[in-house]
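A short write-up of the structure that comes next.
Just follow the structure's listing: the first ligand is 1, and inside any ligand the first atom is 1.
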Amino acid sequence: MISIQAAAKSLNIKGKDFLTLADFSPEEIKGLLEKAKLLKEAHLQGAETSILKGKILGMIFEKSSTRTRVSFEAGMLQLGGHALYLNSQDLQLGRGESIADTAKVLSQYVDAIMIRTFSHEKIQELAYHAAIPVINGLTDLYHPCQALADLLTIEEINGELKGQNLVYVGDGNNVAHSLMIASAKMGVNITIACPEGYEPDKSVLQLSQEFAGENGSKVIVTSNPEEAVVNADAIYTDVWTSMGQEAENEKRLTDFADYQVNEYLVQNAKKDYIFLHCLPAHRGEEVTAEVIDGNNSAVFQQAGNRLHVQKAILSEIL
Ligand code: CP
Ligand code: NVA
């Protein structure tokens with residue numbers, strides 16, 4: 001049976017916010033992945049742990065969620081702690097109470113806050129005023145818990161991350177941004193293939209290229225998905241219309257029409273390429289059913305890994 005003691009080895013990031021992987025060194029990310037693997041193994045073996053006994057996570061949601069909500073709540077319970085689901089509309093936050101006051105008040109009651117919100121500045125403000133660690137459960141700019149689960153999935157299937165070729169086809173959005181940072185930190189080559197006008201944020205591109213330079217990999221942005229997927233070890237896509245962009249849906253359907261991940265596109269990748277998607281997916285839009293439900297797809301393993309990486313994050317920062 002896996003030793004929980006071994007799984008409890010510490011990384012020295014106690015008390016730290018988890019807002020973006022840019023704030024973590026490659027060694028710390030590697031450590032979180034190692035810890036996630038140990039916790040996953042322990043969970044699969046039915047080993048119990050109570051390393052977060054008495055700890056409470058407050059979870060503020062300003063947008064919908066299935067995976068983030070359930071995996072954080074289940075993760076806290078599995079580690080012996082507790083999680084509170086806080087819909088922002090039910091909080092005074094939804095009636096105009098300031099982020100600063102909310103942060104200071106919640107810091108009196110709970111041990112960490114996970115928030116899913118719109119602007120990244122808002123989570124930075126919350127973290128600034130909170131006396132407890134704040135975890136990013138998705139902002140318009142980043143989705144770091146997702147990227148950590150994505151790295152774990154690629155590593156489980158393909159082994160050593162360094163030198164892998166990851167190709168993201170679609171919108172240069174929050175998921176793409178976190179993947180760029182995570183890949184660059186771990187020496188994974190990442191190509192973003194997106195239509196003109198939907199490129200990743202320039203400052204995120206610059207930051208990830210700096211990290212890639214330090215870790216011997218490349219970050220490339222192109223508008224040609226066919227060329228991008230040649231030699232891909234993993235192909236990733238996300239919805240064309242993110243939460244908060246619903247008014248642009250019709251225009252996006254047209255603008256992204258040539259960026260669907262389908263049988264034709266994946267022919268150019270390595271035969272044993274892995275298909276990844278953060279989910280929720282829209283079959284027939286960004287990906288066809290043949291691809292997402294096909295043999296190369298690892299999307300449910302990927303979704304499952306959200307639980308394990310988040311347990312690693314929680315156990316390390318709490
Ligand atoms: N991938 C992801 O974050 O899913 P949810 O929106 O369901 O949380
Ligand atoms: N880019 C998507 C990810 C959902 C998990 C969104 O922000 O809606």
Side-chain angles (χ1 to χ4, degrees), residues 18-21 36 57 59-76 83 85-88 113-123 135-154 168-182 190 192-195 197-201 204 234-249 251-253 255-256 259-261 275-283 285-287 292 297-311 313-314:
F18 190 82
L19 306 188
T20 162
L21 286 168
L57 175 71
M59 309 190 299
I60 305 174
F61 283 91
E62 296 197 320
K63 295 174 175 173
S64 306
S65 170
T66 296
R67 281 143 289 268
T68 305
R69 176 181 174 178
V70 180
S71 55
F72 264 108
E73 184 160 346
M76 278 305 287
Y85 173 72
L86 307 167
N87 185 315
S88 63
I113 301 170
M114 193 282 300
I115 180 167
R116 166 166 288 194
T117 187
F118 291 87
S119 82
H120 195 70
E121 288 72 32
K122 201 172 198 176
I123 198 171
I135 301 172
N136 184 351
L138 181 148
T139 62
D140 290 344
L141 190 66
Y142 285 127
H143 197 2
C145 297
Q146 182 64 55
L148 200 58
D150 303 337
L151 289 179
L152 178 60
T153 311
I154 297 172
Y168 174 99
V169 180
D171 189 17
N173 62 15
N174 45 8
V175 168
H177 290 157
S178 281
L179 268 183
M180 289 159 68
I181 300 282
I190 181 163
I192 308 287
C194 54
Y198 295 95
E199 291 89 356
D201 181 272
V204 175
I235 300 178
Y236 198 120
T237 192
D238 182 17
V239 291
W240 291 338
T241 303
S242 285
M243 291 180 278
Q245 300 173 332
E246 289 76 9
E248 299 171 24
N249 190 43
K251 177 170 168 28
R252 284 172 171 265
L253 285 177
D255 293 349
F256 283 94
Y259 290 79
Q260 184 185 64
V261 179
F275 175 73
L276 298 169
H277 191 310
C278 58
L279 305 178
H282 292 95
R283 287 170 177 74
E285 291 184 19
E286 75 274 7
V287 61
I292 194 170
S297 177
V299 297
F300 296 112
Q301 179 177 341
Q302 180 188 6
N305 281 338
R306 289 290 303 276
L307 174 70
H308 310 295
V309 297
Q310 288 160 197
K311 282 166 76 175
I313 297 165
L314 289 164

**Item:** Arg306 (side chain) donor-acceptor with Ala149 (main chain) under 3.5 angstrom
**Value:** no
**Asked** What residue and atom, counting heavy atoms only, is the protein's closest point to atom 4 (O) of ligand 1, and at what distance?
**Response** Arg67 NE, 2.8 Å
**Message:** Tell me whether His120 contacts the main-chain N or O of Thr139 through its side chain, where contact means a donor paired with an acceptor under 3.5 Å.
**Reply:** no
**Complete:** heavy-atom search around atom 2 (C) of ligand 1 in the protein gives Arg306 NH1, 3.3 Å
**Message:** Looking only at the side chains, is there a donor atom on one of Tyr168 and Asn173 sitting less than 3.5 Å from an acceptor on the other?
**Reply:** yes
**Request:** Mark up the atoms of ligand 2 that fall under 4.0 Å of a heavy atom belonging to Asp238, in ascending order.
**Result:** 1 (N), 2 (C), 3 (C)
**Under 3.5 Å: N/O of Cys278 near N/O of ligand 1** = yes
**Fill in**
Among non-hydrogen protein atoms, atom 6 (O) of ligand 1 lies closest to Arg116 NH1, 2.8 Å
**Message:** Please check whether Thr241 reaches ligand 2 - meaning an N/O of the residue sits under 3.5 Å from an N/O of the ligand, judged on distance alone.
**Reply:** no
**Asked** Just wondering, do Ile135 and Cys145 contact through their side chains at under 4.5 Å, heavy atoms?
**Response** yes
**Cys278 N/O under 3.5 Å from ligand 2 N/O** = no
**Request:** Check whether the ring centres of Tyr259 and Tyr198 lie less than 6.0 Å apart, and answer yes or no.
**Result:** no
**Asked** For ligand 2, which atoms have a heavy atom of Leu138 less than 4.0 angstrom away?
**Response** 3 (C), 4 (C), 5 (C), 7 (O)
**Request:** Would you mind checking which non-hydrogen protein atom is closest to atom 8 (O) of ligand 2, with the distance to 0.1 Å?
**Result:** Met243 N, 2.8 Å
**Asked** Where do Val175 and Asp238 come nearest, in terms of heavy atoms and distance?
**Response** CG2-OD2, 3.4 Å
**Message:** Within the structure, is a non-hydrogen atom of Arg69 found at a distance of less than 4.0 Å from ligand 1?
**Reply:** no
**Message:** What protein heavy atom lies closest to atom 7 (O) of ligand 1? Include the residue and the distance to one decimal.
**Reply:** Thr66 N, 2.7 Å
**Message:** Restricting to non-hydrogen atoms, name the atom on Leu276 and the atom on Ala234 that form the minimum distance, rounded to 0.1 Å.
**Reply:** CD1-CB, 4.3 Å
**Request:** Please confirm whether the backbone N or O of Glu285 pairs with a side-chain atom of Gln260, one donor and one acceptor, at under 3.5 Å?
**Result:** yes
**Item:** Any side-chain heavy-atom pair of Gln302 and Asp150 under 4.5 Å
**Value:** yes
**Request:** Starting from atom 3 (O) of ligand 1, find the nearest protein heavy-atom neighbour and note its residue, name and distance.
**Result:** His143 NE2, 2.8 Å
**Prompt:** At the 4.0 Å heavy-atom cut-off, does Leu279 count as touching ligand 2?
**Reply:** yes
**Asked** Against heavy atoms of Leu279, which atoms of ligand 1 measure under 4.0 Å?
**Response** 1 (N), 2 (C), 4 (O)
**Asked** Under 3.5 Å, is there a donor-acceptor pair between the side chain of Glu246 and the main chain of Gly244?
**Response** yes
**Request:** Please identify which atoms of ligand 1 are closer than 4.0 Å to at least one heavy atom of Gln146.
**Result:** 1 (N), 2 (C)
**Request:** Report the part of Lys63 in contact with ligand 1, treating N, CA, C, O as backbone and CB onward as side chain, heavy atoms under 4.0 Å; options are side chain, backbone, both, neither.
**Result:** neither
**Message:** Checking contacts here: is it the side chain or the backbone of Asn174 that comes within 4.0 Å of ligand 2, counting heavy atoms only? Could be both or neither.
**Reply:** side chain
**Asked** Is there a donor-acceptor contact under 3.5 Å from the side chain of Ser178 to the main chain of Tyr142?
**Response** no
